[in-house]
Amino acid sequence: MKRIVILISGRGSNMQSVVEACASEGWPAEVSAVISNRADASGLAWAQARGIHTAVLDHKAFADREAFDAELATLIDSHQPDLVVLAGFMRILTPGFVRHYEGRLLNVHPSLLPAFPGLHTHRRAIEAGCKLAGATVHFVTAELDHGPIVAQAAVPVLPEDDEQALAARVLVQEHRLYPLAVGWFVRDELDITDGRVHHRSGAAQLLR
Ligand code: GAR
């Protein structure tokens, strides 16, 4: 049984999609804890209602990123996770933290990386005149929104799209993509060679 710890900062809809897939698909895994850096993250109540252990670690109570990340790692490690899933966890992580979880730290980002790392991805895609947008699940490295790509989902950018419309279309795909990628991880179906991730049985790593 693999143990998963999920980190959120807000709504937690990606966290929900992973928790639900874990239960409904019978993964050899359990979500051991959901941790937020914000006490008002609405996803916490959802996780609590499902009987999942939750915790809050307020980053504002720490002098710097190193101190917060050290305490966060202690909290995460108390659950002995095989995998840490970032699900809308809106914090820049220190290199030491990322190194500690190398190969077992996944993130979902709402763009087709390496395009548009950082914030306001949908606005930037529209402003750039992109015709294609999407989401990426990747292993986390020290560089922000960077690292070996596990899977991507692509959606069209329509002429009438505003930021909200595009975000909603991408989010639907995030909710397919993240459970797929996490399911592959917990079933040991992924191979990383030369910084590239392959599904061992050749499952499609691009969703459309
Ligand atoms: C999601 O769209 C996720 O891709 C994004 O935040 C949203 C969280 O929504 N993450 C990032 O931008 C990380 N760089 P959720 O709380 O409902 O899952």
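Note that ligands are numbered from 1 as they come in the structure, with each ligand's atoms numbered from 1 the same way. Since the structure is predicted, the reported quantities are computational estimates derived from the model, not experimental observations.
Residue contacts with ligand 1 for T121 are absent, since no atom lies close enough (heavy atoms, distance under 4.0 Å).
At under 3.5 Å, a nitrogen or oxygen of R11, whether backbone or side chain, sits near a nitrogen or oxygen of ligand 1.
Note on D191 versus R196: no salt bridge recorded, every NZ/NE/NH1/NH2 to OD/OE distance being 4.0 Å or above.
Nearest-heavy-atom check against atom 16 (O) of ligand 1 across S42, G12, G88 picks out G12.
Residue E174 has at least one heavy-atom neighbour below 4.0 Å for each of these atoms of ligand 1: 1 (C), 2 (O), 3 (C), 4 (O). Within the listing of ligand 1, atoms 11 (C), 12 (O), 13 (C) sit less than 4.0 angstrom from a heavy atom of M90. Those atoms of ligand 1 with a heavy atom of S13 less than 4.0 angstrom away are 15 (P), 16 (O), 17 (O), 18 (O).
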Residue pair Y101, D77: steps toward the side-chain hydrogen bond (donor to acceptor under 3.5 Å, both in side chains) verdict: CA-CA 10 Å; Y101 296 104; D77 288 350; 2.8 Å; yes
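Distances shorter than 4.0 angstrom do not occur between any heavy atom of I8 and any atom of ligand 1.
One distance of note links NE2 of H198 with CD of E189; it measures 15.5 Å at 0.5 Å rounding. To the nearest 0.5 Å, the span separating OG1 on T54 from CH2 on W46 amounts to 12.5 Å.
Considering every non-hydrogen atom in both R38 and S9, the closest pair reads CD-O, 3.3 Å.
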